[in-house]
Visitor: 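One structure, pasted below without further comment.
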Amino acid sequence: MTRIVYVNGSYVPEHQATVSIFDRGFLMADGVYEVTSVLDGKLIDYAGHMKRLDRSLDQLAISNPLTVPQWLELHRRLVRDNNISNGIVYLQVTRGNPGDRDFKFPSKDVVPTVVAFTQSKPDLANPPAVEVGWKVISIPDQRWARRDIKTVQLLYPSMGKMMAVHAGVDDAWFVEDGNVTEGTSNNAYIIVRDKLITRQLGNEILHGITRSAVIQFASESGLQIEQRPFSIQESLSADEAFVTSASAFVMPVVEIDGQSIGNGSPGRLTKKLRETYLARMRQSAI
Ligand code: PDD
């Protein structure tokens with residue numbers, strides 16, 4: 001089925017959507033994005049994603065080209081027109097097309113480019129991988145130093161994913177100065193007895209929207225929260241491990257670098273957190 005996508009104010013069949021070759025998103029990766037999940041036709045943690053979009057744009061001095069109601073209308077219309085029951089809405093805002101290639105940012109008269117599209121994922125809430133958990137490898141974190149900005153420069157994360165594929169596993173955890181930063185496209189956690197450990201916020205990781213909800217739900221369920229760096233070695237002696245993202249929700253991790261975590265199957269507390277996360281998020285979906 002041909003999707004209806006959004007490009008700079010128009011809703012068009014995907015093959016009619018075009019962006020200039022001079023767009024700074026294309027030439028310089030000068031743009032940011034968000035991914036919001038859709039369950040039963042409703043947006044999950046939408047407000048969180050919009051807040052982070054504002055922050056990313058602000059950090060790069062790109063003005064937000066759409067108003068709050070316009071963003072919501074865009075999301076809802078794409079979900080409706082493409083008949084999305086379960087899936088995601090991807091949006092991207094770039095600094096736009098200055099008409100030439102130049103390292104300097106163009107003047108504020110250049111209008112940011114906005115594109116958005118949906119991807120249908122019927123088994124989003126129940127992917128088979130949840131039953132067995134993910135295997136990951138550790139790789140050096142060779143990304144730039146402002147990972148808190150959700151930019152479209154995803155080449156190294158993409159290379160990391162391919163290193164995982166070539167190693168026959170599901171994902172890679174980035175390691176910097178001896179500690180885990182995050183996964184290729186998710187935040188990383190370990191559980192030791194009744195403690196949930198995840199790296200503190202900073203420029204080294206993306207401030208995951210799922211992360212913030214999961215920390216809240218974990219704390220409400222009685223887990224102690226420790227936001228600090230942890231190593232691969234500490235992870236291997238943990239009871240459980242998992243990752244979070246808008247599209248994986250809470251995904252168990254059962255193996256790192258060929259060594260099992262716990263008994264090598266998805267952890268009990270991880271499963272509970274996933275169930276709580278999905279139940280609470282369905283309640284607040286809009
Ligand atoms: N990725 N860390 C990185 C590097 C990410 O790319 C993502 C999300 C996360 C989790 O953030 P959130 O919980 O807000 O989705 C952490 C998205 C899903 C993607 O690129 O597809």
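Atoms within a ligand are numbered from 1 in the order they appear, just like the ligands themselves.
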Visitor: Looking at non-hydrogen atoms alone, which of E182, Q119, R211, H207 comes nearest to atom 3 (C) of ligand 1?
Guide: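 Considering heavy atoms of E182, Q119, R211, H207, the nearest to atom 3 (C) of ligand 1 sits in E182.
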Visitor: Have a look at ligand 1 and work out which part of L154, if any, has a heavy atom under 4.0 Å from it: side chain, backbone, both or neither.
Guide: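 Near ligand 1, L154 shows nothing, with every heavy atom at 4.0 Å or more.
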Visitor: So, do D45 and T36 sit near enough that their side-chain heavy atoms are less than 4.5 Å apart?
Guide: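 No, their side chains stay 4.5 Å or more apart.
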Visitor: Give me the nearest non-hydrogen protein atom to atom 6 (O) of ligand 1 as residue plus atom name, then the distance to 0.1 Å.
Guide: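 Looking only at protein heavy atoms, the one closest to atom 6 (O) of ligand 1 is S185 CA, 3.4 Å.
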Visitor: To the nearest 0.1 Å, how far is atom 18 (C) of ligand 1 from its closest protein heavy atom, and which atom is that?
Guide: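 Among all protein heavy atoms, the one nearest atom 18 (C) of ligand 1 is S247 OG, 3.9 Å.
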Visitor: Checking contacts here: is it the side chain or the backbone of V35 that comes within 4.0 Å of ligand 1, counting heavy atoms only? Could be both or neither.
Guide: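 It is the side chain that touches ligand 1; the backbone stays farther off.
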Visitor: Checking Q153 against R146 for the side-chain hydrogen bond (donor to acceptor under 3.5 Å, both in side chains) test, could you report, in this order, the C-alpha distance in whole Å, the side-chain angles of both residues, the deciding distance, and whether it holds?
Guide: CA-CA 11 Å; Q153 42 160 319; R146 288 302 307 276; over 6 Å; no
Visitor: Give the atom numbers and elements of ligand 1 that come within less than 4.0 Å of a heavy atom of R143.
Guide: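 Those qualifying, in numeric order: 4 (C).
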Visitor: Give the atoms of ligand 1, by number and element, whose distance to some non-hydrogen atom of T244 is under 4.0 Å.
Guide: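 Result: 10 (C).
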Visitor: Touching ligand 1 at all, Y33? Heavy atoms, strictly under 4.0 Å?
Guide: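 Y33 counts as a contact of ligand 1 under the 4.0 Å cut-off.
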Visitor: Hey, does R52 sit under 4.0 Å from ligand 1 if you only count heavy atoms?
Guide: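 Yes; R52 lies near enough to ligand 1 that a heavy-atom distance drops under 4.0 Å.
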Visitor: Any idea which protein heavy atom is nearest atom 13 (O) of ligand 1, and the distance to it?
Guide: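 Sorting protein heavy atoms by distance from atom 13 (O) of ligand 1 puts T210 OG1, 2.6 Å first.
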Visitor: So is T184 in contact with ligand 1, going by heavy-atom distances below 4.0 Å?
Guide: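 The answer is yes: ligand 1 sits under 4.0 Å from a heavy atom of T184.
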Visitor: Tell me, with the steps shown, if T151 and L60 meet side chain to side chain contact (heavy atoms under 4.5 Å, CB included).
Guide: CA-CA 9 Å; T151 74; L60 297 180; 4.3 Å; yes
Visitor: Based purely on interatomic distance, does A246 place a nitrogen or oxygen under 3.5 Å from a nitrogen or oxygen of ligand 1?
Guide: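 Min N/O separation from ligand 1 is below 3.5 Å for A246.
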Visitor: So, are E182 and R143 salt-bridged, with charged N and O less than 4.0 Å apart?
Guide: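 Between R143 and E182 there is a salt bridge, with a charged N closer than 4.0 Å to a carboxylate O.
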Visitor: Is the positively charged end of R77 above the ring of Y11, judged by distance under 6.0 angstrom from the centroid and angle within 45° of the axis?
Guide: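 Satisfied, under 6.0 Å and within 45°.
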Visitor: Considering only non-hydrogen protein atoms, determine which one is nearest to atom 11 (O) of ligand 1 and report residue, atom name and distance to 0.1 Å.
Guide: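 Nearest protein contact, heavy atoms only, for atom 11 (O) of ligand 1 is G208 CA, 3.5 Å.
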Visitor: With a 6.0 Å cut-off (strictly less than), is the heavy-atom count around CZ of R228, excluding the residue itself, greater than 12?
Guide: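 Atom CZ in R228 is packed in, count exceeds 12.
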Visitor: Salt-bridge test for R268 and D239: reply yes if a basic N is under 4.0 Å from a carboxylate O, no otherwise.
Guide: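 Salt bridge flag = no for D239 with R268.
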Visitor: Salt-bridge test for K272 and E240: reply yes if a basic N is under 4.0 Å from a carboxylate O, no otherwise.
Guide: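 Here K272 does not pair with E240 in a salt bridge, since their nearest N and O are not under 4.0 Å apart.
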Visitor: Are K150 and E34 ion-paired here, with the side-chain N under 4.0 Å from a carboxylate O?
Guide: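 Salt bridge flag = no for E34 with K150.
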Visitor: Hey, which atoms in ligand 1 end up nearer than 4.0 Å to a heavy atom of N187?
Guide: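 Here the atoms of ligand 1 in question are 10 (C), 16 (C).
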Visitor: Quick one: sort the Y46 and H75 rings into parallel, tilted or perpendicular, breaks at 30° and 60°.
Guide: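 Geometry flag for H75 against Y46: perpendicular rings.
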Visitor: Note the single closest protein heavy atom to atom 17 (C) of ligand 1, along with its residue, its atom name and the distance in Å.
Guide: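 The closest heavy atom on the protein side is K150 NZ, 3.4 Å.
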Visitor: Going by the atom numbers of ligand 1, which of them fall below 4.0 Å from some non-hydrogen atom of I209?
Guide: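 Those atoms are 12 (P), 13 (O), 14 (O).
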